[in-house]
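One structure is given below, encoded as structure tokens.
Residue numbers start at 1 and run along the sequence shown. These numbers come from a predicted model, not from an experiment. Order of listing sets the numbers, starting from 1, for every ligand and every atom in it. Both backbone and side-chain heavy atoms feed into the values below; hydrogens, waters and symmetry mates do not.
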Amino acid sequence: MQFRDLKKQYEALKPQIDSAVAGVIAASSFISGPQVAELERRLAEYTGRKHCITCGNGTDALSMALMAWGIKEGDAVFVPDFTFFATGEVVSFEGATPVFVDVDKDTFNMDPEKLEEAVREVVNEGRLTPRLVIPVDLFGLPADYEKIQAVAEKYGMKILEDGAQGFGGRIGEKKVCSFGEISATSFFPAKPLGCYGDGGAVFTDSDETAAYLESIRVHGKGSYKYENVRIGWNSRLDTIQAAVMLPKLQAFQEYELERVNEAAARYTQELKNIVKTPVIPEHFYSSWAQYTIQLENGEERDRLQGFLKEKGIPTMIYYPIPMHRQRAFEGLKLYQECPVTERLCQTVLSLPMHPYLEREEQERIAEAVKACLMRS
Ligand SMILES: *Cc1c(COP(=O)(O)O)cnc(C)c1O
């Protein structure tokens, strides 16, 4: 059994993917081929944004947004304490200061009240300028943008959405990657919509920001590649990756999202009486990058993980270490305690989840979880 079965997905889409890759090789248009523009058009349409600018990976997508806004030393950028490292890493990379905010115990996402408390601490201290909030749509579930937006507006901050895990999620009819003034996502293979290597994209409705992003992803180009008007990067999505993603996007829209939601509902049905299962608030829709349960404590979590491993069931701990405890952030001031994150890092366990997970596999997993927890 695979935690996220990319081989099964390939088997299902093999004819389309093989011919898409062969087509790129035959045309030998490896960089900025027509499939890249086609994918950008389809992704912009899907998310309801004016512009989609693809790039080399999700981390670059976040960094490019920070560059577009000139985020720099002396700026405070508020990020959840419970997320993948890159969300905070890009802030420090630009010389700005990540301020870690605790998360909600049910949704795993940034707690808007804790956000306001952290902003107040920063304002009172008077050393940094609150510039930006980076909410993360963790495990596929959009953050609470209505409340976060209110805090951001009150303190004059922008919102950069980290939708790396959230692609396909929505609140009402509004989709992930449409919630930030700029939004970023990742096409790392294991994300809800993945490619066959590294890839990412930035979304915005601003023509000016889009033009800037298109420039910095190709060496700060001006009107063409060999006229350079600013210091930029080289961060493009390969044509082969875009070609692979076109049929994958179609499957994602046609049935994959629906299937992961069905799988999540089955897990919840089976497990809700014995463990804390994920909470999806009303009007929210998740793309289930992960299905994450919470155990009573660290010992129980580790015992369950060991038990499942013996039965050939792979699980993952997303995430074992709060951001503020990462050694790379050593010495950064902590503006608030993050007890919820501390607890989640001890108690969470993610179960196998993907659109090709069979009902029988899920039943086996649920039986094993029950067998382990009811025995004690
Ligand atoms: C995966 C991920 C990223 C980084 O994406 P890459 O494509 O791996 O660079 C950023 N933020 C979050 C929340 C992620 O899960």
Side-chain angles (χ1 to χ4, degrees), residues 3-4 6 39 43 52-67 71 77-94 98 100-101 103-104 107-110 132-145 148 159-169 176-177 179-180 182-203 213 217 233-238 241-242 244-245 248 286-292 316-324 326 328-329 341 344-345 348 350 353-354:
F3 184 72
R4 188 164 186 95
L6 297 173
L39 179 70
L43 293 173
C52 168
I53 299 96
T54 55
C55 62
N57 57 71
T59 308
D60 283 4
L62 291 167
S63 284
M64 284 162 62
L66 300 182
M67 288 163 81
I71 300 298
V77 178
F78 298 84
V79 302
D81 198 37
F82 190 58
T83 178
F84 178 62
F85 184 62
T87 316
E89 179 184 31
V90 294
V91 176
S92 291
F93 191 82
E94 296 301 319
F100 303 114
V101 177
V103 298
D104 181 89
T107 64
F108 307 113
N109 279 331
M110 181 183 272
L132 183 68
V133 189
I134 311 184
V136 175
D137 306 318
L138 203 75
F139 303 154
L141 181 70
D144 188 348
Y145 287 97
I148 290 171
I159 292 181
L160 165 59
E161 175 183 13
D162 181 347
Q165 300 182 12
F167 200 83
V176 157
C177 288
F179 294 109
I182 303 179
S183 300
T185 197
S186 164
F187 305 127
F188 181 83
K191 307 280 171 157
L193 177 65
C195 61
Y196 281 180
D198 277 311
V202 193
F203 296 84
L213 294 170
R217 78 171 161 180
W233 277 5
N234 174 14
S235 183
R236 291 170 295 217
L237 184 73
D238 294 344
Q241 299 304 343
V244 165
M245 283 185 66
K248 289 199 9 150
S286 176
S287 56
W288 297 104
Q290 305 299 339
Y291 186 92
T292 303
M316 300 291 281
I317 297 171
Y318 297 121
Y319 291 93
I321 305 174
M323 292 282 267
H324 77 269
Q326 292 286 4
F329 291 130
T341 299
L344 290 175
C345 289
V348 289
S350 300
M353 179 51 116
H354 58 85

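Taking every heavy atom of Asn57 and a limit of under 4.0 angstrom, the matching atoms of ligand 1 come to 7 (O), 9 (O). Ligand 1 places these atoms under 4.0 Å from at least one heavy atom of Gly58: 5 (O), 6 (P), 7 (O), 9 (O). Counting atoms of ligand 1 from 1 in the listed order, those under 4.0 Å from a heavy atom of Thr87 are 11 (N), 13 (C). Atoms of ligand 1 lying under 4.0 Å from at least one heavy atom of Val136, given by number and element, are 13 (C). Atoms of ligand 1 lying under 4.0 Å from any heavy atom of Ser186, numbered from 1 in the order shown and given with element: 5 (O), 6 (P), 7 (O). Atoms of ligand 1 lying under 4.0 Å from any heavy atom of Thr83, numbered from 1 in the order shown and given with element: 13 (C).
One finds the SG atom of Cys177 at 7.5 Å from the CG atom of Asp137 (value rounded to the nearest 0.5 Å). From Ile53, atom CD1 reaches atom CG of Leu237 across 12.5 Å, with rounding to the nearest 0.5 Å.
In this pair, Phe82 and Phe108 present their aromatic rings tilted. The plane angle is within the 30 to 60° band. Taking the six-membered ring where the residue is Trp, Phe187 and Phe167 present perpendicular rings, their angle passing 60° and hence far from 30°.
You'll find the side chain of Val91 stays beyond 4.5 Å of the side chain of Ile71, heavy atoms only.
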Open item on the list: Please evaluate residues Cys55 and Trp233 with respect to the criterion side chain to side chain contact (heavy atoms under 4.5 Å, CB included), reporting the C-alpha separation (whole Å), side-chain torsions for both, the decisive distance (0.1 Å), and the verdict.
Closed with: CA-CA 10 Å; Cys55 62; Trp233 277 5; over 6 Å; no

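In terms of polar-atom proximity, Ala164 is not counted as a contact of ligand 1, lacking any N or O under 3.5 Å from an N or O of the ligand. Between Thr59 and ligand 1, at least one pair of N/O atoms sits closer than 3.5 Å. For the pair Gln165 and ligand 1, the shortest N or O to N or O distance falls below 3.5 Å.
Nearest non-hydrogen protein atom to atom 2 (C) of ligand 1 is Lys191 NZ, 2.5 Å.
The closest approach between any non-hydrogen atom of Asp162 and ligand 1 is below 4.0 Å.
Between Phe85 and Phe329, the distance from one ring center to the other falls under 6.0 angstrom.
Judged purely by distance below 3.5 Å, without hydrogens or angles, the side chains of Asp81 and Tyr319 never pair a donor atom with an acceptor atom.
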